[in-house]
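These notes concern the structure reproduced below.
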Amino acid sequence: MWPTIIRRKLAATASSTPLALKQALQGHPPANSPSYVTKAKRLLLLGRGSNIVNNAGRQGCPDYPAHVKHIRDVQVYFPLSKWTRLYSSGNGDLTDAVVPFMGESISDGTLAKFLKKPGDHVEVDEPIAQIETDKVTIDVNSPEAGIIQELVAKEGDVVQPGVKIAVISKSGEGVAHAAASEKETSKPPPESSLVEKKTVTEELPKAEPSSPKASSRPSSVTDVQAAQPSRPSVKEPQLPPKERERRVPMTRLRKRVATRLKDAQNTFAMLTTFNEVDMTNLMKLRADYKDAFFERHGVKLGLMSGFVKAAVSALQHQPVINGVIDGDDIIYRDYIDISIAVGTSKGLVVPVLRNADKLNFADIEKQINMLAKKANDGTISIDEMAGGTFTISNGGVYGSLLSTPIINPPQSAILGMHSIVSRPMVVGGEVVPRPMMYIALTYDHRLIDGREAVFFLRRIKDVVEDPRRLLIDV
């Protein structure tokens with residue numbers, strides 16, 4: 001609420017009773033006052049600026065006395081309607097582009113790069129810069145269409161939500177003038193100044209080399225030792241020249257991943273157990289129904305959905321692996337959110353499949369494709385990566401044969417998938433080639449014993465090798 005100040009001037013002999021004030025405000029002079037003056041100011045916020053509307057009235061005798069003075073100020077409140085625009089603050093032709101809200105748990109970010117430069121034309125909501133946070137990369141969009149007049153911040157600066165990074169001119173005025181001034185300042189100095197500088201340099205006297213004077217004092221033991229030839233020193237190893245090295249600052253995402261992985265090593269008592277899976281039946285199921293599956297659901301049938309369903313079944317059989325240690329307590333989660341590790345050009349991100357125990361094969365494949373596309377495009381949100389009770393990492397897509405994955409805090413275990421390799425296996429007393437995959441489970445040994453970890457991997461092996469177990473729950 002904004003106060004409106006109503007000032008009232010009465011003669012020294014005028015009455016100051018509420019009745020007199022009421023009559024003055026209504027435009028009627030008090031009965032016992034020869035003259036009076038009233039003035040009201042109302043402050044209104046209209047649109048993008050402020051206008052002051054003055055309503056003044058003067059009544060009474062033309063020759064009112066000069067000793068009129070203030071005797072009272074009255075404050076009257078009027079409702080205020082405030083108009084705001086998100087992520088921009090403007091003043092006429094110029095509009096500020098500011099850092100948007102980046103998430104509940106993100107207080108700042110690093111200005112990675114500008115997508116536009118001064119003089120470029122931008123449309124409404126067109127990205128002009130990118131902000132790197134600990135988890136995702138966020139675009140700063142233009143609040144108005146116009147010409148970028150100035151870049152206020154610099155690449156590499158740490159910025160908070162609401163900080164101005166650029167100024168946009170809606171009409172483009174002032175941009176050409178700034179460019180012309182930059183060209184003028186970049187002109188080379190006139191030739192006359194160069195000639196004068198050269199003349200002054202030639203006139204300076206050259207320093208004559210000083211001849212060493214003969215020392216009158218006798219040579220000491222130190223001088224004799226210095227005159228003796230020194231012994232050959234040990235040669236230092238020849239290192240590559242610094243010109244062949246490049247030092248690049250780490251991105252916020254890379255620093256965050258490095259910190260979390262190192263914290264996991266320092267916190268968990270990590271142990272990894274292995275097993276191998278015959279992929280024959282799951283690959284046959286995929287080959288037999290991939291066309292019908294695509295026609296029905298509009299998405300390809302992959303192997304990840306089979307492993308997600310197998311992990312859900314294994315977590316239901318071994319619920320301790322879905323839990324986590326919190327201080328002196330153990331938290332058992334009665335829901336299953338599967339995190340899928342996705343490697344991108346900017347770093348590792350881990351989107352989450354919510355309530356994976358309630359999803360079918362088609363739902364899993366659709367969500368994995370959607371989250372993977374967002375991760376690679378850099379459009380994935382914080383909410384889509386928050387939480388998760390168990391992680392699956394598929395290094396097999398890169399050709400990894402065997403690995404020991406690191407736990408993703410605050411979870412207690414992670415499943416590692418690897419490449420499928422045809423190997424000779426004994427089946428029914430005969431040696432036959434089979435498509436085999438090594439699987440690994442890294443777990444927190446503080447909470448999970450080796451017995452539960454082995455049973456967990458054994459359940460995944462059984463379900464993948466015979467998917468019919470999911471139908472009859474055995």
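Positions are given from 1 along the sequence.
- Between Glu465 and Glu276, the shortest heavy-atom distance links the atoms OE2-O, 4.2 Å.
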- Stepwise salt bridge (charged side-chain N to carboxylate O under 4.0 Å, His left out) test for Glu384 and Lys374: CA-CA 10 Å; Glu384 291 171 324; Lys374 286 186 175 182; 2.8 Å; yes

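- With values rounded to the nearest 0.5 angstrom, Ile448 atom CD1 is found 5.0 Å from Ile321 atom CD1.
- With Arg260 contributing its side chain and Pro409 its backbone, the two residues share a donor-acceptor pair below 3.5 Å.
- With hydrogens and angles ignored, the 3.5 Å screen pairs no side-chain donor or acceptor of Thr344 with any backbone N or O of Ala375.
- With Leu371 as the partner, the side chain to side chain contact (heavy atoms under 4.5 Å, CB included) test is satisfied by one option alone out of Val350, Val342, Asn376, Leu353: Leu353.
- Between Pro100 and Asp139, the shortest heavy-atom distance links the atoms CG-O, 3.9 Å.
- Between Asp120 and Lys117 there is a salt bridge, with a side-chain nitrogen of the basic residue lying less than 4.0 Å from a carboxylate oxygen of the acidic one.
- At a threshold of 4.5 Å between non-hydrogen side-chain atoms, the residues Val352 and Ile338 do not count as touching.
- The aromatic ring centres of Phe294 and Tyr289 sit 6.0 Å or more apart.
- Tested against Gln411 for a side chain to side chain donor-acceptor pair (under 3.5 Å), the candidates Asp337, Asp444, Asn322, Thr391 yield a single pass: Thr391.
- Of the possible donor and acceptor atoms, none in the side chain of Asn369 sits under 3.5 Å from a partner among the backbone N and O of Lys366.
- Atom-to-atom distance recorded for Gln149:CD and Ile168:CD1 is 10.5 Å, nearest 0.5 angstrom.
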- Would Phe390 and Tyr443 satisfy ring-ring contact (aromatic ring centres under 6.0 Å, His included), going step by step from the backbone distance to the final call? CA-CA 10 Å; Phe390 183 77; Tyr443 57 97; over 10 Å; no

- Task: Could you walk me through whether Ser313 and Arg459 pass the side chain to side chain donor-acceptor pair (under 3.5 Å) test, one step at a time?
- Result: CA-CA 8 Å; Ser313 177; Arg459 178 61 183 175; 2.9 Å; yes

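- Arg468 and Asn281 share no donor-acceptor pair across their side chains, judged by distance under 3.5 Å alone.
- Not a single donor-acceptor pair under 3.5 Å links the side chain of Lys461 to the backbone N or O of Asp278.
- Between the side chains of Thr272 and Thr442, at least one donor-acceptor pair of N or O atoms lies under 3.5 Å.
- Heavy atoms only, all atoms of each residue included: Asn360 and Asp363 are closest at OD1-N, 2.7 Å.
- The CZ atom of Phe101 lies 14.0 Å from the CD atom of Gln160; values are rounded to the nearest 0.5 Å.
- Under 3.5 Å, the side chains of Ser142 and Glu126 contain no donor-acceptor pair of N or O atoms.
- Among all heavy-atom pairs drawn from Glu144 and Val122, the shortest one is O-CG2, 4.1 Å.
- The NE2 atom of His445 lies 10.0 Å from the OG1 atom of Thr273; values are rounded to the nearest 0.5 Å.
- Residues Ile460 and Ile439 meet the side-chain proximity criterion, which asks for heavy atoms closer than 4.5 Å.
- Residue Ile330 holds its CD1 atom at 10.0 Å from CZ of Arg446, rounded to the nearest 0.5 Å.
- Using a 4.5 Å heavy-atom threshold, the side chains of Val397 and Met417 count as separate.
- Inter-residue side-chain proximity for Ile406 and Met270 is flagged as met; some heavy-atom pair is nearer than 4.5 Å.
- No option in Arg252, Glu132, Lys255 other than Arg252 meets the side chain to side chain donor-acceptor pair (under 3.5 Å) test with Thr110.
- The OH atom of Tyr335 sits 9.5 Å away from the CG atom of Asn355 when rounded to the nearest 0.5 Å.
- Between His297 and Phe293, the angle of the ring planes lies from 30° to 60°, which puts this pair in the tilted group.
- Smallest separation of non-hydrogen atoms from Tyr332 and Val320: CE2-CA, 4.1 Å.
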- Task: Check the pair Asp383 / Ser381 against side chain to side chain donor-acceptor pair (under 3.5 Å), numbers first and verdict last.
- Result: CA-CA 5 Å; Asp383 295 336; Ser381 65; 5.2 Å; no

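- A distance-only check finds no donor-acceptor pair linking the side chain of Asp96 to the backbone of Val98 [under 3.5 Å].
- Cation-pi geometry between Arg423 and Tyr438 is met: under 6.0 angstrom from the ring centre, within 45 degrees of the axis.
- A 6.0 Å sphere centred on CG of Asp334 holds no more than 12 heavy atoms belonging to other residues, nucleotides or ligands.
- Judged purely by distance below 3.5 Å, without hydrogens or angles, the side chains of Arg434 and Thr280 pair a donor atom with an acceptor atom.
- Scanning both residues, Glu365 and Gly302, for their nearest heavy atoms gives OE2-N, 3.0 Å.
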